Structures are given as C-alpha cells and as structure tokens.
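In what follows, a single structure is set out as structure tokens and then discussed.
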4 protein chains.
Amino acid sequence: MAKKGDDPSARERILLAAERLFAELGFDATPTSRIAEVAGVPKGLVHYYFRRKRDLLTALVERLPDERIEPAAVVVPGDIAESLRRLVAELDRRLSASQVLSHLLWREADTHRAVRDALRSRYDVLVNQVRTVIIAAAGAGSLALADVDSAAALLALAVSYRHSVARHAEDTPDGPDEMERELTFIADALTARAAAPRESVPSSGLD
Amino acid sequence: MAKKGDDPSARERILLAAERLFAELGFDATPTSRIAEVAGVPKGLVHYYFRRKRDLLTALVERLPDERIEPAAVVVPGDIAESLRRLVAELDRRLSASQVLSHLLWREADTHRAVRDALRSRYDVLVNQVRTVIIAAAGAGSLALADVDSAAALLALAVSYRHSVARHAEDTPDGPDEMERELTFIADALTARAAAPRESVPSSGLD
Amino acid sequence: MAKKGDDPSARERILLAAERLFAELGFDATPTSRIAEVAGVPKGLVHYYFRRKRDLLTALVERLPDERIEPAAVVVPGDIAESLRRLVAELDRRLSASQVLSHLLWREADTHRAVRDALRSRYDVLVNQVRTVIIAAAGAGSLALADVDSAAALLALAVSYRHSVARHAEDTPDGPDEMERELTFIADALTARAAAPRESVPSSGLD
Amino acid sequence: MAKKGDDPSARERILLAAERLFAELGFDATPTSRIAEVAGVPKGLVHYYFRRKRDLLTALVERLPDERIEPAAVVVPGDIAESLRRLVAELDRRLSASQVLSHLLWREADTHRAVRDALRSRYDVLVNQVRTVIIAAAGAGSLALADVDSAAALLALAVSYRHSVARHAEDTPDGPDEMERELTFIADALTARAAAPRESVPSSGLD
DNA sequence: AATGAATGAGACTTCATTCAT
DNA sequence: AATGAATGAAGTCTCATTCAT
C-alpha cells in the first residue's frame, strides 16, 4: 500500500475517488470510508486533508475545468449553423472529461449552495459562449439581441441537458441526431431573421 | 388518537410528508422518522404502509398526475405563439400542483430506475403535447415534421427545466420573461417557415 | 382465502406452520407474521389463539406424540440385538413424524423451561423403553441392572442424537450403518455378560 | 476512558462477553448492545471489530481451543477402563474452560453452517482421540476395528453430550456417576472381546 | 369470533468525526 | 505528517402485541 509519493498524490487520488463515487452514488450515499478505499489511502487521511465531508465537494467544485472557448476557434463567418455545430463539438470534447462532475453538480445543486452557485455560473458562461459565437458568426448588429439571447438560452439548455441529467445512454438513443436537428432549427431561425429582421418580438426589457 | 378517518388518511399524510421532505432535503437526507413526525403518525406506521423507504418513492411516482391537456382547449388556429403561450400557462397551472414532485424526480432520477422511467415518460408526453398543439395551430401539413420536432423538444426542455431543476426562486428572477422570449423565438421561427418553407433542413433520417 | 372450516382448522394450521418454521429457523428467528402467512390466516388470528408467541411453543410441546411402545411388539426373546433393532426401527418410524419438533426441542431447551422439561421427560421415557426391552429380551434377572442402565443410556443417546441434533443428512452419510454397529456392540456386550456375568462392575448406588 | 491497553483488550472483552451471552441467552436473543454493555465498550466498537453480529460467532468458532490430547499421557497399557477414565478426566478439564462455547455450538449448529462444520470437526477429533487411546491401551491388533469404532463413537457421544446439551446442573444430578458407569460398560465390553474375540459382528464395510 | 390497522420499543448497522500516537 | 482505533448519534427496519371494529 504505497501511500505518499505516488504518481497522483494521495490528496489527488482522494479527490478523483470522491468525484467518481459522488457522481455514481450521490453525495449522501457515498461513505468517506469508501472514498479512502477506492483512493487506496487509509481512512484517517481523507479527514486529514478534508476535515468534513462537504469540504470534498467544495474542493471538487473549485477544480472545475474552465470551459471558456476562444470564439475564433470555432466561428465560421456567415454560417451560424456550422459555427454552433463546431462550438457544440468542442464543448462536448471538453465536457466529457468532467462529465461525471457536471452530473454531480446537478444532483447536489440544491442541497449545497456552493454547488448551486458553481452550477449557475457554469450555465451563465455557457450561455455567453453561445451568444458570442452567434454574434461573431452573424456579424455584429445584424441580429436583435433578444433573438440572440433566446437562441443562446435554448441551445445552452440543450447542451447542458445532454451533459448532465440525460447522461444515461440507454435513455437517449437519438441524442446526437436530436441535438443536430435542434441546433439547425435554431440556426435557421436566426439566419432567416438576419435576412429579414422582424420587429414583432416583444421587448422584454432584459438586456 | 384516532388515525384513520381523519381528514387525509394516515397513509395519505405520510405520502404528502414524504413528497415535501424528499423534494426539500433529498431522498437520502430525509429520515423516515422525520416523515412520521411531519405526517403526525408514529414511526412504525410509515413502515407499516411502506416497508422500505424506497417504496415511498415508488408510490409517489405512481401517483403522478396525468398532464395530458386537450389541444382544443389551448389552440388558437393560425397563431402558434399564442397557442403555445396558452399551453404553457395551462401546464404551469397543473405542474405547480406537483412541483415538488417534479423536482424530486430529477434529483433521484439516476439512483432509482423507477423514477428515471417515470421522468422519461413524462418528458415524452410533454414533447408530444407541444407537437400536437403546434400542428393544430399551424394547420396540418404546413410545416416540416423535423421542424416541429425540434421546436417541440426545445420548448419542452424549457418548460421542464423551469419546473424541476431551476425551481429556486432566487436563481431565476427572470424566469417567466425568459420563457416568454424563448417561446416567441420558437413560434416565430415556425411561423416564418410556414410562410416560406425551406428545404435546407438536413434530413435527420428519424421519423 | 378460506379461513375457518377448512380441513385442518385454522388453529391447527397455525400450529403446523409454527412447528415447521420454529424447527427450520429457530424460535427467535421466526416472526409470528410469517407463521400467519404460511398457515394462510390473517395475522391477528395467530395472537387471537395464542396471545404470546411463547404460547405457541407451549402448545406444541403439549401436542408431543406419545412414544411409548408396547415391548411385546418388538421383543424377540433371547435375542437382545434383534429386539433392540426392532425397537429402534419402530422409534424411527414414530419419531420421524415429529422429527422437526424433536429437533426444535433441543434448540430451545435452555431458553424455555417448559421445553426443557418436556425434553427431559421424553429422554427418560426413551431410556426406560430401552431398559424394558433389554430385560424382556434377556430374561428377567439374567443381567446386572447397572449394565442394563448403561446400555439403555448409551443407546438412547445414540437414537436421540440421530433424531435431533444430527439431522442434517449431508453431515451424517453413514448414519444408519453407524447406528447398526453401535447397537450390535451394545447388544453383544450384554449377551456376553448374560452368559458369564462379571462382578467387576462398580456399584453406582443409583437406582 | 482508555480502552486499549487494558487487562484484556477491548476486542477480547467483546468476544468474552459475546461467548457468555450467546451461550446464556442464545444467539438471536442476545442484543449487540448488551454485549457492548457487558464488555464495557461503546456500542459502536462492537461493530467496528465485528461488522455483523454473525461475525462474532465466526470469530468465536475460530478461537476454539485445540482438544487434541497426547495419548501417552493417559494410556495405561492393558487397562482400557482406566485409560478411558483418564482421557475423560483430561477432556473434562480442558472442555470446562470452553464449556459455554461448546454449548453454544450445539445450539446454533443448524442455523449457521460455519458453526455446524466446527462442531462436526470437533466431534470427529474426539472420536479419533478415543479410538487412539483404546487401541494403545488394548494393544494393536487385539481388537476388531468395528468394535473400536463403535466404542469410540458411543463414548464420544456421552462426553460431548455431557459437555454441551446437558449442561444444566439440575438436569443431570447423576452426571459423573452415569458417565463412569457407561465408561466401564464400554471398557468391559472391549476387554471381554480382547480376551475372546467374536466374529459375529456384522461387517459394515465402513471403517 | 375475527381482523388488520396501529404502536412503539428496540435491533442491527452505518458513518462522520475525533484523537492518541 | 499520518493512521487507525474509538465514539456515539442516528438511521432503517422488524416485530410482538394491542385494539377498535
């Protein structure tokens, strides 16, 4: 039972084990003793590094990878659909690395405020990312902001839904196709308006 | 201490207490003793009616209200936006009655298969409802099915999201407005296409 | 669910179920609810007939079949071995009918005095039976009483052992043969002494 | 409340308490809380060392003292009775140390396979011990093996019976005398055959 | 006579957390 | 710094028994 100087440090192994187990079993249903076991460390060490169990959750949230994507990397000027497609592909790539964590967040969101805040902030980042890409692809000023907001919110919802709640493969056999269809629907709607802007959109007063 | 002929029966009170507490604290974090306390029954009675704790969850899922809505009640022929608006309003009205339950479903979905199935099936019903209303409002045949599917899925997502995960009031101050904006976005997109159908939509090969 | 006037009365079915379950699972490990279930009667009825659980045990003990055997039926004058062999065969026949009960008795003997007394008395009856048969077969006066007592005790032990503790078939594959061998050993010893009585046996002063 | 460096370690005290209580009340009727109480340790510690209650039983069985006795220590060449008398005395001395445990074994034998196996194996050891002593006392070859087997089985039964099931003092007031009488009966039978071997013993094919 | 809802004590067990070493 | 023994609160669940009907 090697303890300390291993490849991933003991502390790191504890976090990895906790991430996996929390996502798999839920926070409450995961005993710290099980975490120690999976991490291959003595039970005492878990509480040595993270005094209370909830400190593990906090630490996990603070380690969340940054999902900000450089718009330039995915934008195809003039082609909103393709731009969004590339954005989603890139998000997929990155999110899959921390998929279990995303999932965990949704589950524990309302019992633990720290988690709720982290989740909310991630969602906001996501919406903004989509907005930025849409605007960059469509050309600044060519679209009503309200439309962009709606489109961004809807796509963010679809993406985030796929990466969190609906992660059970057997439940969403048509996952990718559905996403593609919805994405296209949104992009087409935006493209149509860029060509012939409508003023019938009720002004929501919200930026 | 007569327990039977009371306002709601003892069994019913237990279910109500469980529903509330599960949604509030989560399934794992709710002690059966607390359920008994809130229901005003002795601890033993909880297990008399529901031998294991998880049986409470199952019973709760089986009590889910039927959310099917008669399309005729909300459809305004020719006006997709208004039709959807009325549908959403009606759904809101009905769902709010079991909001905590909806919320509970999302939380426990992946630890408990029975819950997952119930959730999935509710979502499917919702999507179909939206589809039906869209078609009835637009007039049969005037829209590409793929568009209708996409629109239905996106709106269902938004509705269901609002009623379940994002139920924390403080987190979604702009809830209703956002929903209105997204609804309008979707309706407009569909209306535009009904007027000038596009064939650029990639055929997804589905349905 | 027929309740009352059935072939075996409800009360009888309860006793039968209890006998079976007590022997199978042990007294403490058998819930009265299970007894009701196996007996096919409502739970309340068990306590209606037998207020406390232990009353079931008492009733069972009082139902013990009488194992007294008419010596004349098995004795072959002059042949102790054959006489004992027939006695054992007859005991086997009778005891097998209440084997589970015998077994139960041994298990619960020291937690329940009523059972202990019943058990002790059955054992005494058994020893006496063997004594009587030996004396009848050997001819009165031809054997030292002390020898007869020893032989009777040893054989009773072997019989009772076989019918109670060692009832697990897989544990005693050689059961019958062993019994036959021991029986012959004892009979031969007695026969030898009847022929040439020894006085070296220490007088025990008991009966 | 230092628990460790005490006279017997906490773990040991738990085992001692369990042994006593199981034998006294029976396994099922002994609450672990009572064990903790008698052992003078907090309830949690019992389950720290023995996760499930039945692990206590297993541990107890594994601690059974070895009852093998060096034949040379008790054999009096040429005197089977005296040899057996000394063997029994020695067995008594050793078994009394774990009498409650022996008793416990018989009680729980058929609900717990581990116990059953331990019991069976102890019995086999006992029978062999008696056999060895008989042969050593009588002189090799002077007795038919079948006779030796029968005698050994009968004596082992008597010894084991006295040390387990029939341990209630009031139930066997004549215990020692009876044992002496039976022992003598068996020894005499063997001695008689050594002098004038009989071939009438049915060959059982076993041994 | 018969029933099954109701009761509450208490059993086993799990677990986060503390602490001496 | 690290460990694993120790602690006790609390949780789920079982069950004999009572009782109103």
Side-chain angles (χ1 to χ4, degrees), chain A residues 1 3-5 9-11 14 27-36 41-56, chain B residues 1-6 9-11 14 27-36 41-56, chain C residues 1 3-5 9-11 14 27-36 41-56, chain D residues 1-6 9-11 14 27-36 41-56:
Chain A
M1 262 171 262
K3 293 282 139 59
K4 215 177 54 185
S9 75
R11 191 176 186 281
I14 291 171
F27 178 79
D28 289 314
T30 302
T32 52
S33 62
R34 186 81 198 288
I35 295 173
V41 303
K43 196 159 83 78
L45 200 57
V46 173
H47 286 94
Y48 176 70
Y49 282 127
F50 309 93
R51 194 139 78 85
R52 335 230 131 227
K53 192 182 177 185
R54 95 176 81 90
D55 297 338
L56 269 168
Chain B
M1 259 168 261
K3 286 283 136 55
K4 214 180 60 184
D6 284 357
S9 75
R11 190 175 188 281
I14 291 171
F27 178 80
D28 290 317
T30 301
T32 52
S33 61
R34 186 79 199 290
I35 295 173
V41 300
K43 204 168 43 132
L45 199 56
V46 173
H47 288 96
Y48 174 71
Y49 283 120
F50 309 94
R51 194 135 76 83
R52 343 222 121 233
K53 194 182 176 186
R54 96 176 81 91
D55 295 337
L56 268 168
Chain C
M1 263 173 259
K3 291 284 137 61
K4 217 177 51 186
S9 75
R11 191 174 187 281
I14 291 172
F27 178 80
D28 290 313
T30 301
T32 52
S33 61
R34 186 79 198 290
I35 294 173
V41 302
K43 196 159 83 79
L45 200 57
V46 172
H47 285 95
Y48 175 70
Y49 283 127
F50 308 92
R51 192 140 77 85
R52 333 233 131 223
K53 193 183 177 186
R54 94 175 81 91
D55 297 339
L56 270 167
Chain D
M1 265 169 256
K3 285 284 136 53
K4 216 180 56 183
D6 284 358
S9 75
R11 191 176 187 280
I14 292 170
F27 178 81
D28 289 316
T30 301
T32 53
S33 62
R34 186 79 201 289
I35 295 174
V41 301
K43 204 167 46 133
L45 199 57
V46 172
H47 288 97
Y48 174 71
Y49 283 119
F50 309 94
R51 194 133 77 83
R52 343 222 122 233
K53 194 184 177 184
R54 94 177 81 92
D55 296 336
L56 269 168

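Not measured: the values here are computed from a predicted model.
Atom CZ of residue D:R54 and atom CZ of residue D:F27 lie 8.0 Å apart, to the nearest 0.5 angstrom. Interatomic distance, A:H47 NE2 to A:I35 CD1, rounded to the nearest 0.5 Å: 8.5 Å. How far OH of C:Y48 is from CZ of C:R11: 11.5 Å, rounded to the nearest 0.5 Å.
Here F:dT3 presents its C1' atom at 17 Å from CZ of A:R51, a figure rounded to the nearest Å. Rounding to whole angstrom units, CG of residue D:L56 and C1' of E:dA11 are separated by 14 Å. Between the NZ atom of A:K53 and the P atom of E:dT14 there is a distance of 15 Å, rounded to whole Å. Separating the CZ atom of D:R34 from the C1' atom of E:dA9 is a distance of 17 Å, rounded to the nearest angstrom. C:L45 places its CG atom 15 Å from the C1' atom of F:dT18, with the value rounded to the nearest Å. Nucleotide F:dT18 holds its C1' atom 15 Å from the CG atom of C:D55, rounded to whole Å. Separating the CD1 atom of A:I35 from the P atom of F:dT3 is a distance of 17 Å, rounded to the nearest angstrom. Residue C:F50 contributes atom CZ, which lies 18 Å from atom C1' of F:dT18 at whole-angstrom precision.
With DNA chain E read from its 5' end, the first of the two nearest nucleotides for A:S33 and D:H47 is the one closest to D:H47. Toward the 5′ end of DNA chain F lies the nearest nucleotide of D:G44, the other residue of the pair B:G44 and D:G44 mapping further downstream.
For the pair C:Y48 and E:dT3, the criterion of a side-chain N or O lying under 4.0 Å from OP1 or OP2 is not met. Checking the phosphate oxygens (OP1, OP2) of F:dT14, a side-chain nitrogen or oxygen of B:R52 falls inside 4.0 Å. A sub-4.0 Å separation between OP1 or OP2 of E:dC15 and a side-chain N or O of A:T32 is absent. The shortest distance between the side-chain N/O atoms of B:R11 and the OP1/OP2 oxygens of E:dG4 is not below 4.0 Å.
Using the Watson-Crick or G-U wobble rule with both distances under 3.5 Å, F:dT7 pairs with E:dA16. Across all strands shown, E:dA2 is found opposite F:dT21 as a Watson-Crick or G-U wobble partner, with both distances under 3.5 Å.
Within the nucleic acid shown, C:K43 comes within 4.0 Å of at least one base atom, counting heavy atoms only.
Of the listed residues (B:I14, B:D55, B:V41), just one forms a side-chain contact (heavy atoms from CB on, under 4.5 Å) with B:Y49, and that residue is B:I14.
When every heavy atom of A:K53 is checked against every heavy atom of A:T30, the shortest pair comes out as NZ-O, 2.7 Å.
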